[in-house]
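Below is one structure, written out as structure tokens; the observations come after it.
Heavy-atom basis, side chains included; hydrogens, waters and symmetry copies ignored. Atoms within a ligand are numbered from 1 in the order they appear, just like the ligands themselves. One is the number of the first residue; the rest follow in order along the sequence.
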Amino acid sequence: MINLHDIRYVRLGTRDIEGASRYAQTILGLQLVRRENGRVYFRSDSRDHSVCYFDGDPQDHTVAFEVTSPAQLDAAAAQLEALHMDVRRGTADENEERRVFDHIVFHDPSGNRIELVLRPQASSRRYHGTRDAGIDAFSHVGLRTTNPIRDEAFWTTVCNARVSDRIGDAPLLRIDEVHHKIALFPSEYPGVQHVNFQVGSIDDLMRSYYFLLEQRVPIRFGPGRHPTSNAMFLYFAGPDGMIYEYSTGVRMIHPEEETTHVPRQFPFGPEGFCTWGAKPDIAEFSV
Ligand SMILES: [Fe+2]
């Protein structure tokens with residue numbers, strides 16, 4: 001069993017690194033960490049970085065998860081290889097690029113590029129966003145799946161993910177107490193479908209809503225409240241077709257609930273995503 005400790009970062013290709021960097025700072029509110037060889041790193045919390053934009057294919061997405069010991073990293077590699085999945089050990093240069101001690105790379109059954117990292121660097125400085133978006137932390141990704149039932153089995157049997165709830169066949173998966181750190185979305189192709197940051201309160205969320213309207217950033221869904229995690233949410237357009245999300249008030253599933261929690265089934269469609277009646281302008285939420 002691969003024990004995913006936490007989600008760590010996303011790496012996103014872009015043909016417009018300056019545009020993406022400007023967006024990450026002035027719209028999203030992330031803090032610039034460094035620029036280095038066609039890569040730009042951004043913080044949202046105590047992690048060294050949670051988003052790295054690089055000069056490359058906008059379809060090239062990676063999601064990284066932390067494992068907590070060399071033995072776990074080796075065991076993960078062995079387990080994936082036993083399943084005949086291609087696993088590659090990161091090079092020293094690649095480790096340095098990611099600010100990790102060691103890592104492996106593989107692709108999930110849909111073809112999503114996943115990195116498992118050991119000893120990722122924390123930042124020694126307090127996080128402060130470029131604008132006051134109220135971001136607390138990088139919290140989850142929406143991950144595209146070409147077969148949600150197959151991929152749910154992968155994440156829950158090969159890895160330690162547990163199903164918190166389902167919307168249609170799409171599972172919301174937790175790896176710790178947070179209701180979900182991975183949300184699988186049926187799609188024709190792999191990739192990151194959205195990137196979520198938790199904000200401090202509904203006031204932060206609504207302030208950003210009016211800010212984004214003023215900046216003419218297309219709102220994709222919300223403000224609304226998820227019936228699944230109970231989080232209030234706002235989805236909006238990012239560079240290269242990416243969707244970003246702010247949310248607040250996500251439900252926790254505490255250790256004592258682990259044995260008794262039963263995933264609830266919600267319908268696939270707007271009502272499965274919002275209790276307030278917001279209608280999504282997001283293909284993956286509407287089909
Ligand atoms: Fe989300």
Would you say His180 reaches the Fe ion (ligand 1) with an N/O/S atom under 2.8 Å?
no
Using a cut-off of strictly less than 2.8 Å, determine whether His226 has an N/O/S atom near the Fe ion (ligand 1).
no
Answer yes or no for Arg47 and Tyr9: cation-pi contact, defined as NZ/CZ to six-membered ring centre under 6.0 Å and angle to ring axis within 45°.
no
Apply side-chain hydrogen bond (donor to acceptor under 3.5 Å, both in side chains) to Glu245 and list each qualifying residue two or more places apart in sequence or on a separate chain.
His140, His194, Asn196, His226, Tyr235
Qualifying residues under side-chain hydrogen bond (donor to acceptor under 3.5 Å, both in side chains), relative to Arg119, sequence neighbours excluded:
none
Electrostatic pair Asp74:Arg89 at N-O distance under 4.0 angstrom:
yes
What is the name of the N/O/S atom in His140 that sits closest to the Fe ion (ligand 1)?
NE2
Measure from the Fe ion (ligand 1) to every N/O/S atom of Glu245 and report the name of the nearest one.
OE1
